[in-house]
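Not measured: the values here are computed from a predicted model. Here is how names work: the chains are called A, B, and so on, in the same order as the sequence lines, proteins then strands, and each is numbered from 1.
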Amino acid sequence: MNIAQDNALEKVYRPGDVEVALARNWACRKREQATHDPRPTFSMVIPPPNVTGVLHIGHALNVTLQDTLVRFKRMNGYDVLWVPGTDHAGIATQNVVERQLTQEGKDWRALGRDGFIRRVWEWRATSGGTIVTQLKRLGALCDWEYERFTMDKGCSRAVREVFVKLYQEGLIYKDKRLINWCSHCQTALSDIEVTHKETNGHLYKIAYPLAGEDGEIVVATTRPETLLGDTAVAVHPEDARYVALIGKRLRLPLTESQIPIIADAAIDPAFGTGAVKVTPGHDFNDEAIGKRHRLPVENVLTPDGKLAVTTRTGPYAGENMAKARDRIVADLKTASLLRGVEAHAHAVGVCYRCATVVEPYLSEQWFVRMNDPKNSLAKVAMEAVRRGDIHLIPKEWEANFFGWMEDIQDWCISRQIWWGHPIPAWYCGGNDKGMCLPSCKGPIVSVGQPDACPVCGSTHLIQDTDVLDTWFSSALWPFATLGWPTDGDGASEVWLRRFYPTSTLVTSHDILFFWVARMIMMGLYCMKEIPFKDVYIHALVRDKEGQKMSKSRGNVIDPLSVIDRYGADALRFTLLAMASPGRNIQLTEERIEGYRNFANKLWNAARFIQMQPAPQAISPAVAADASPADEWITGRLNQTVHAVHEAMNAYRFDEAAAAVYQFVWHQFCDWYLECVKVGTPTKTQETLLKTFQAILKMMHPFMPFITEHLWGIFGAAQYGQVSLVDAPYPNAVPVDGQASDAFETMMIATVSSIRNLRGEMQIAPSERLECEIYLHNAVAKERYTRYLPYICALARVSIRTIEVGRAAVPKGSTAVSTIPIKDGEMDVILSESYLVAQADRLSKALGKLKTERDRIEAKWDNPLFMERAPESVRAALTTDLDALKKKEAVLCADLARVNGALKR
RNA sequence: GGGCGAUUAGCUCAGUGGUAGAGCGCUUCCUUCACACGGAAGAGGCCGCUGGUUCGAUCCCAGCAUCGCCUACCA
């Protein structure tokens, strides 16, 4: 009876036929709730993709890595929890819904705040789940029934709790200062939401005339339009050119205002003209200078990025900044105050969401204190990493992490948009008479809506209109998703403590600061415990030129299209194989195609096995009377299983994938299956199926779909119909390594030598060759005798004789090629027509051997080497040299014989 | 400006103080009853450059070059 004859397999594997249904099955799986589960736990939270997002190749990599870990850990007996979810992406989502409304011809502001928020929730209900279905298509074995959203009830509660706690402990405060402002998104941004773009700008030199006397100071600036906000010009206190002018006043060009000349040591006399216009309202450095010198702060910017109406902006008021620059430069020129324009490359800060130039803008915002002297969030986070409680993998990222954490600034968390977590702060609107006491001015911060102003008792309370930075809620993700705060509820508390801290976080390095660092700070602050033990940091996926993939470049590889054409398994395996630590992944479709072929190879191996007789029984032990090929493949399987365990424990997905690929294709398919064709004794039938089952289990975390499908045909029956997802991962068991090695050095090496001979001498593969084997000892003869059936079939030779010692030199009338083999030699009998070809081949081979011998002998002749090199190295050299000399002797004799025959 | 990383086959990348590896591509041959998304054989490398340490360096050290990334108040 053949294996599962009624499950005939197509000639070519078509992933689409099996993947969709399997993905659906996996997505429907539910956790089994065990009260007393003795298994160790392995938990992860998914880095929540942006709810507006569609699956891109970066998500595919991130999720593939996690899913591979999850399946591997599951199969290795862990109680695995993988919490999925999405984040509410405040600015991005607001932009999406705004655009949608604009298309409908509606003004989003006119909807009012409540109306707008309703619209966003509607949008989320209809279109917000796209990426989640796409993750499922990739095979993500998440615990989908625990899916979370950063704006859901639990997360919102967690956000308010944390905010209040931080506020009460003085770690959240409100302040009026310069912040990064995006005039397109019309909101404040945190430092790291500003990206710096190298820009070819200009350095303008502008003359500021002295007030009431002759003379001028020329300042150099990249932003001439901000001169309307200047409140001083600063020079270095020891700059000889300007020292006499310090304290005098200047006429601010294009205005009626006058500003002082001040001295500040921060000014570099060597740059530009050595004189700097100081604009405390529009530049972070100038803000600091302004504070030192108590300069007035002049704001000339409106929230939408235009020049405001002030006493100075005059005719420029209402102009956007770019236009204002052109006009001001032109007017300076007309007034003969422009002293030069030079090309100047510098970095301009732009909004990471919309690429609008970010303006420093004076406003009142909420901040998280990062470095409170008594309670430094940053310091505690750094200590956790330094102590080794948290491992960054690869370790090289630690330097980067510390570098950033060491000069971290306070985190601006308020955003002037509507979609997000409202800040849980209220302001007193006054008592019954509409009056408010001076002491009512402070915010009332509370988890729930307060009833009345604690100072004056007024019930007229107005909530802060800002919302929190999305990353604030993301920072709570590892514990908020596990049910924090639990209110001491028994079951919830047990659950939280069972899975927190999570085991591993898999994320990409570009959000190390945005997210990972903040999760560590918040986890330690709220839970008094790290949020995860390992952080596996993976690379970005780039195109084959190393460029970032982007729609505008048109170089995106769409994972869904790849899945449709090559299968999710091929995509996953490609990403895993290329995920070597600390390197970007330069993805090409050719590579994906290669692993599609690999899946097909496995598929066809399955088809072959299906045609073989089925074993009567499957026993767990290695059979005593197994064939040499069986012994060999079992040994190699064990080595591979061992290598995969090692690699996975070190997060070396690339090494694990390579080990599996190498074994399945080049050992199992190339050699073992060919040996099986030679003849299938009972034990081989059993080993064949057992090995294939082990391959399916071993490969499942890497290629879940095809393995699960084939498991249904080849494995499930023996395992009580259990899904491969729940099957135990193979473990390495000790086997006879010597037998495996001999199989390779004797059988495989001999076949390869004969094939090599055929190739070099252009002997048709169909031509059967006659051979004689002469061995050095009886043990070798015994081994080769066992291997003969394989050698004859795989090399297409017939063996005339096999014996110990050489009976006679080959007969002169025939062209005989002697091949050195392990522990002996093999004569291949050829017809006279090959004499010339053989002479060529032998000369070439001898040349190669000579080069090799020269290299070894050079070392041998070096007295220092013989004196200082370790014994093992010298011994190896001796062995190599002996072997070389023997080979050379065989070939030389052969060549002499061939030459002799040619002369006749 | 500072920091980090990279430089290995035509391409994309592993790797090791002692004879340099893979995948894809390339050349030749093979339509052999699992697979042409296949099989067999093969070509192809001063392991970026210059020094140093060492019996021995692609690997360790220093410098240089080129390319990336992160970061920064030279306006």
Using a cut-off of 4.0 Å on non-hydrogen atoms, how would the nucleic acid contact of [X] be classed: base, sugar-phosphate, or nothing?
X        : answer
A/Pro870 : base
A/Asp268 : base
A/Glu852 : base
A/Met578 : sugar-phosphate
A/Leu877 : nothing

For A/Trp181 and A/Tyr361, take the angle between the two ring planes, folded into 0 to 90°, and tell me which bin it lands in: parallel under 30, tilted 30 to 60, perpendicular over 60.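 Rings of A/Trp181 and A/Tyr361: tilted, as their planes differ by 30° to 60°.
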In terms of relative ring orientation, are A/Phe573 and A/Phe702 parallel, tilted or perpendicular, with 30° and 60° separating the classes?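 Perpendicular, since the angle between the ring planes exceeds 60°.
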Candidate nucleotides [options], ranked by approach to the side chain of [X] - the nearest:
X        : options             : answer
A/Arg868 : B/U19, B/U54, B/A34 : B/U54
A/Phe513 : B/U19, B/C70, B/A72 : B/C70
A/Arg607 : B/G18, B/A34, B/C73 : B/A34
A/Glu674 : B/C24, B/C35, B/A75 : B/C35
A/Arg652 : B/C73, B/A41, B/G15 : B/G15
A/Ala605 : B/U19, B/A34, B/A41 : B/A34
A/Ile267 : B/A75, B/C35, B/U19 : B/A75
A/His196 : B/U54, B/C24, B/A72 : B/A72

Give me the stems containing RNA chain B, sorted by first residue, counting only three or more consecutive Watson-Crick or G-U pairs with both distances under 3.5 Å; say none if there aren't any.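 If one scans RNA chain B for consecutive Watson-Crick or G-U pairs, the stems found are B:1-7 with B:65-71, B:10-13 with B:21-24, B:26-30 with B:38-42, B:48-52 with B:60-64.
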Whole-Å distance separating the [atom1] atom of [X] from the [atom2] atom of [N]:
X        : N     : atom1 : atom2 : result
A/Asn180 : B/C73 : CG    : C1'   : 13 Å
A/Lys205 : B/A75 : NZ    : C1'   : 12 Å
A/Leu757 : B/G42 : CG    : C1'   : 14 Å
A/Arg855 : B/A20 : CZ    : C1'   : 11 Å
A/Trp397 : B/C69 : CH2   : P     : 12 Å
A/Asp264 : B/A75 : CG    : P     : 16 Å
A/Ile585 : B/G23 : CD1   : C1'   : 15 Å

Contact between A/Leu227 and A/Thr279 at the side-chain level, heavy atoms closer than 4.5 Å - yes or no?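 A side-chain contact is absent here, since even the closest heavy-atom pair is not under 4.5 Å.
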Note, A/Val751 side chain near A/Tyr790 side chain (heavy atom, < 4.5 Å):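 Result no, sub-4.5 Å side-chain heavy-atom pair not found.
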Applying salt bridge (charged side-chain N to carboxylate O under 4.0 Å, His left out), can you list everything that pairs with A/Arg596, at least two apart in sequence or on another chain?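 Result, salt bridge (charged side-chain N to carboxylate O under 4.0 Å, His left out) vs A/Arg596: A/Glu593.
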Using the [atom1] atoms only, state how far [M] lies from [N], rounded to an integer number of Å.
N     : M     : atom1 : value
B/C59 : B/C47 : C1'   : 9 Å
B/G17 : B/C55 : C1'   : 12 Å
B/G42 : B/G5  : P     : 40 Å
B/A34 : B/C69 : C1'   : 47 Å
B/U58 : B/U8  : C1'   : 7 Å
B/G63 : B/U27 : C1'   : 43 Å
B/A20 : B/G15 : C1'   : 9 Å
B/U32 : B/G48 : C1'   : 47 Å

Is the distance from OP1 or OP2 of [N] to the nearest side-chain N or O of [X] less than 4.0 Å?
X        : N     : result
A/His344 : B/A75 : yes
A/Thr221 : B/A75 : no
A/Lys677 : B/A34 : yes

Taking only residues two or more places apart in sequence, or in another chain, which ones meet A/Glu342 in a side chain to side chain contact (heavy atoms under 4.5 Å, CB included)?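 Scan of A/Glu342 (side chain to side chain contact (heavy atoms under 4.5 Å, CB included), adjacent residues dropped) gives A/Leu203, A/Lys205.
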Most 5' of A/Leu203 and A/Lys844 on RNA chain B, judged by nearest nucleotide: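 That would be A/Lys844.
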How do A/Asp283 and A/Trp404 order along RNA chain B: which one's closest nucleotide is nearer the 5' end?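 Its nearest nucleotide being more 5', the pick is A/Trp404.
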Distances for protein N/O vs nucleotides 4-10 of chain B N/O pairs under 3.5 angstrom?
residue	atom	partner	partner atom	Å
B/U7	OP1	A/Arg583	NH2	3.4

Looking at residues at least two apart in the chain, or sitting in another chain, which of them share a ring-ring contact (aromatic ring centres under 6.0 Å, His included) with [X]?
X        : value
A/Phe608 : none
A/His538 : none
A/Trp397 : A/His509
A/His344 : A/Phe271, A/His346

Under the salt bridge (Lys or Arg N to Asp or Glu O under 4.0 Å) rule, what pairs show up with a residue in residues 654-666 of chain A, not counting sequence neighbours?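 Pairs touching residues 654-666 of chain A that pass the test: A/Arg652-A/Asp654, A/Arg652-A/Glu655.
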Which residues share a side-chain hydrogen bond (donor to acceptor under 3.5 Å, both in side chains) with A/Asp17, sequence neighbours left out: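 With sequence neighbours excluded, A/Asp17 shows a side-chain hydrogen bond (donor to acceptor under 3.5 Å, both in side chains) to A/Arg14, given in chain and number order.
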Under the side-chain hydrogen bond (donor to acceptor under 3.5 Å, both in side chains) test, residues paired with A/Tyr672 that sit two or more places apart: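 A/Tyr672: side-chain hydrogen bond (donor to acceptor under 3.5 Å, both in side chains) contacts with A/Asp630.
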Aromatic centroids of A/Tyr661 and A/Tyr595 separated by under 6.0 Å: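 Between A/Tyr661 and A/Tyr595, which both carry aromatic rings, the centre distance is below 6.0 Å.
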Protein-nucleotides 36-39 of chain B N/O pairs under 3.5 Å:
residue	atom	partner	partner atom	Å
B/C37	O4'	A/Asn597	OD1	2.9
B/C37	O2'	A/Asn600	ND2	2.9
B/C37	O2	A/Arg596	NE	2.9
B/C37	O2	A/Asn597	OD1	3.2
B/G38	OP1	A/Asn597	ND2	3.2
B/G38	O3'	A/Lys601	NZ	3.0
B/G39	OP1	A/Lys601	NZ	2.9
B/G39	OP1	A/Trp665	NE1	2.5

Of A/Lys277, A/His282, A/Glu298, A/Arg325, which meets side-chain hydrogen bond (donor to acceptor under 3.5 Å, both in side chains) against A/Thr226?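 So, applying the side-chain hydrogen bond (donor to acceptor under 3.5 Å, both in side chains) to A/Thr226 and each of A/Lys277, A/His282, A/Glu298, A/Arg325, only A/Lys277 qualifies.
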